[in-house]
Amino acid sequence: MGHGIALTFARSGLPVCVTDPMADALATVPQRIGDSLRLLGASDAEISDALGLVTLSDTVEAAVSNATHVFEAAPEKLELKQAIFAQIEAAAPSGATLASNTSVIQITQIMAGLKTRPRALGTHWWNPPHMIPLVEVIKTEWTDPALAQGMIDLLATVGKTPVMVEKDVPGFIGNRLQHALWREAISLVENGICTAQAVDDVVKASFGRRLAVLGPLENADLVGIELTRDIHRQVLFDLERRQDPSPYLDALLKDNRTGMSAGAGFRDWEDADLDATKERIANHLGKLEKILPS
């Protein structure tokens, strides 16, 4: 995530400093930025210009010492993120905005130990961050509203589609919607209604095709609120309502069906499927970037 966030700002002409505790990972940042820009169709000159705005730092303290905005993109571990922000708060300028990139951890939990909580918020970038337009900007109960709006404005200037999340809830907006879908998808397979491939084929060959240009509430308005209500009367009572992870996931894990990289998860996979899937996604997102407004 880090190199994609850095790429986004450098591509827009803003200087960026990147740090990583793993020296090998830090050293590969320029190469990864260059490779990602080539996938986006950037010229050698554009890549050179972007890389000229990226510097690498061995320490958090050095990386944030002159920052106006700090974006943390560490693994999804609460204690780790809390420790990093303690370092950042001590070293960053007092006026710097502090932002955590997390998929589901509540920002309130991450920032609770800071002394300057009004300048802290969440920015949930989606992977790959240089190709997915959305960034969710999450306020905590302490976040300065003007600072949050400033983050929205900054992200808009670098070509993102920022959305304000007014209340700090687990999963924010996007992952709550996504995993509501996943819960029902898993339930359909678990209850023998269809195969995992059938679920994926249905989504990709029907409403998934229009989601990029027609959101669910736009669609509800398009077909009409009365029809939406009538459909809900017939189907909502029968949807999965489980509050905990499905036992079906536990069964898959017990059988070492841990996912595509292991050769099996909900479906069976060949060795080449992982790289082919990643390439298919990158090509698809690259095409969307050219034909759809952000």
Short question: side chain of [X], backbone of [Y] - any donor-acceptor pair under 3.5 Å?
{"X": "Asp273", "Y": "Glu270", "result": "yes"}
{"X": "Arg257", "Y": "Ala251", "result": "no"}
{"X": "Arg241", "Y": "Phe237", "result": "yes"}
{"X": "Thr258", "Y": "Leu253", "result": "no"}
{"X": "Arg32", "Y": "His3", "result": "no"}

Closest non-hydrogen atom pair between [X] and [Y], with its separation:
{"X": "Leu80", "Y": "Pro75", "result": "CD2-CD, 3.7 Å"}
{"X": "Lys160", "Y": "Pro133", "result": "CE-O, 3.2 Å"}
{"X": "Ile138", "Y": "Leu121", "result": "O-CB, 3.3 Å"}
{"X": "Ser100", "Y": "Ile107", "result": "O-CD1, 4.3 Å"}
{"X": "Leu114", "Y": "Phe85", "result": "CD2-O, 3.6 Å"}
{"X": "Ala99", "Y": "Thr123", "result": "CB-OG1, 3.5 Å"}

* **Pairwise distance NZ(Lys254) to CG(Leu249) - rounded to 0.5 angstrom** =>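 So the gap between those two atoms works out to 15.0 Å.
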Within-4.5 Å side-chain heavy-atom neighbours: [X] and [Y]:
{"X": "Leu285", "Y": "Ile132", "value": "yes"}
{"X": "Trp182", "Y": "Asn175", "value": "no"}
{"X": "Val158", "Y": "Leu14", "value": "yes"}
{"X": "Val163", "Y": "Val137", "value": "no"}

* Structure fact -> Going by chain and number, the hydrophobic cluster around Leu274 (ILVMFWY, side chain to side chain under 4.5 Å) further includes Met260, Trp269
* **Members sharing Ile225's hydrophobic cluster (side chains within less than 4.5 Å)** =>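 Ile225 clusters with nothing; isolated.
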* **Leu26/Asp58 under side chain to side chain contact (heavy atoms under 4.5 Å, CB included): CA gap, chis, key distance, verdict** => CA-CA 8 Å; Leu26 183 62; Asp58 293 333; 4.0 Å; yes
* **salt bridge (charged side-chain N to carboxylate O under 4.0 Å, His left out) contacts touching residues 187-205 (sequence neighbours left out)** => Glu190-Arg242, Asp200-Arg267
* **Pairs touching residues 10-24 that satisfy salt bridge (charged side-chain N to carboxylate O under 4.0 Å, His left out), sequence neighbours left out** => none
* Are there more than 12 heavy atoms of other residues, nucleotides or ligands under 6.0 Å from atom CG of Asn219? ->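 Correct, the count exceeds 12.
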* Asked: Does atom NE2 of His179 have more than 12 heavy-atom neighbours from other groups under 6.0 Å away?
  -> yes
* Any pair counted as side-chain hydrogen bond (donor to acceptor under 3.5 Å, both in side chains), so long as it reaches residues 75-99, sequence neighbours left out ->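 Listed by first then second residue: Glu61-Gln87, Glu72-Lys81, Glu76-Thr102, Glu89-Thr116.
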* Which side-chain hydrogen bond (donor to acceptor under 3.5 Å, both in side chains) pairs, counting each pair once, include a residue from residues 133-148, with sequence neighbours left out? -> His124-Glu136, Trp126-Glu136, Lys139-Glu166, Thr140-Thr143
* Asked: Checking side chain to side chain contact (heavy atoms under 4.5 Å, CB included) for the pair Ser57/Thr55: CA distance, chi angles, key distance, verdict?
  -> CA-CA 7 Å; Ser57 176; Thr55 58; over 6 Å; no
Side-chain donor-acceptor pairs of residues 43-50 under 3.5 Å, sequence neighbours excluded:
{"from": "Ser43", "atom 1": "OG", "to": "Glu46", "atom 2": "N", "distance (Å)": "3.1"}
{"from": "Ser43", "atom 1": "OG", "to": "Glu46", "atom 2": "OE1", "distance (Å)": "3.4"}
{"from": "Glu46", "atom 1": "OE1", "to": "Ser43", "atom 2": "N", "distance (Å)": "2.8"}

[X], [Y]: one ILVMFWY side-chain cluster at the under-4.5 Å cut-off?
{"X": "Ile110", "Y": "Ile173", "result": "yes"}
{"X": "Leu98", "Y": "Leu78", "result": "yes"}
{"X": "Ile291", "Y": "Val213", "result": "yes"}
{"X": "Val104", "Y": "Ile186", "result": "no"}

List for me each residue that meets side-chain contact (heavy atoms from CB on, under 4.5 Å) alongside [X], sequence neighbours excluded, and say none if there are none.
{"X": "Arg233", "answer": "Arg229, Asp230"}
{"X": "Ala90", "answer": "none"}
{"X": "Val199", "answer": "Ala185, Leu188, Val189, Cys194"}
{"X": "Ala86", "answer": "none"}

* **Donor on one side chain, acceptor on other, Asn191 and Ser187, under 3.5 Å** => yes
* To do: Walk me through it: do Val54 and Phe9 pass the test side chain to side chain contact (heavy atoms under 4.5 Å, CB included)?
  => CA-CA 9 Å; Val54 178; Phe9 288 104; over 6 Å; no
Could you pull out every donor-acceptor pair under 3.5 Å between side chains of residues 149-157 and any protein atom, sequence neighbours left out?
{"from": "Gln149", "atom 1": "NE2", "to": "Asp153", "atom 2": "OD1", "distance (Å)": "3.0"}
{"from": "Thr157", "atom 1": "OG1", "to": "Leu154", "atom 2": "O", "distance (Å)": "2.6"}

